Participant: 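For reference, the structure I am asking about is given below.
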Amino acid sequence: MYLTLREIPDFPPPWGFASAGRPDERRGRSAARQALVQLKLVFQRAAADVPGEIGQHLQQTIRHASEPIELWLLRASLLAALPADCSRAAMHELAIRTAL
């Protein structure tokens, strides 16, 4: 017999319980979140140089990304969409940040 999520008592767990953990785990989650936000800002700065609907779509997709892999999969599309006169500094920063 399988239980559904609604049949499990106290589901969903209270937020305090879900976010509980050892201090080093919380610091690790916080550091990972900060790194993702910084990476999203790099992508947003690069996508700001892309004109038209493609640029708007890229910016929206970047805003909705919740994992670094989503941004990594977007990098080829973003680099291809950048105009030819785009600053080399933005392209270089994007390439360096996503090389890992």
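Count residues from 1 along the sequence. Quantities reported herein were computed from a predicted structural model and do not represent experimental measurements. Quick note: numbers below take in every heavy atom, side chains included, and nothing from hydrogens, waters or symmetry partners.
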Participant: Show, in sequence, the C-alpha distance, side-chain angles and deciding distance for Gln38 and Val42, and conclude whether the side chain to side chain contact (heavy atoms under 4.5 Å, CB included) test is met.
Facilitator: CA-CA 6 Å; Gln38 289 175 355; Val42 169; 5.9 Å; no

Participant: With heavy-atom distances below 4.5 Å as the criterion, would you say the side chains of Leu78 and Leu71 are in contact?
Facilitator: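 They are not in side-chain contact.
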
Participant: Which atom pairs, donor and acceptor, lie under 3.5 Å between side-chain atoms of residues 54-61 and protein residues at least two apart or in another chain?
Facilitator:
from, atom 1, to, atom 2, distance (Å)
Gln59, NE2, Ala47, O, 3.4
Thr61, OG1, His57, O, 2.8

Participant: Yes or no on side chain to side chain contact (heavy atoms under 4.5 Å, CB included) for Trp72 and Glu67, after CA distance, side-chain angles and deciding distance?
Facilitator: CA-CA 9 Å; Trp72 189 79; Glu67 296 289 330; over 6 Å; no

Participant: Please report the closest heavy-atom contact between Lys40 and Arg63, naming both atoms and the distance.
Facilitator: NZ-O, 3.0 Å

Participant: Please say yes or no: joined through hydrophobic side-chain contacts below 4.5 Å, possibly via intermediate residues, are Leu41 and Leu36 part of one cluster?
Facilitator: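 The answer is no; the residues belong to distinct hydrophobic clusters.
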
Participant: side-chain hydrogen bond (donor to acceptor under 3.5 Å, both in side chains) with Ser66: which residues, sequence neighbours excluded?
Facilitator: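 Ser66 satisfies side-chain hydrogen bond (donor to acceptor under 3.5 Å, both in side chains) with Glu70 once adjacent residues are dropped.
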
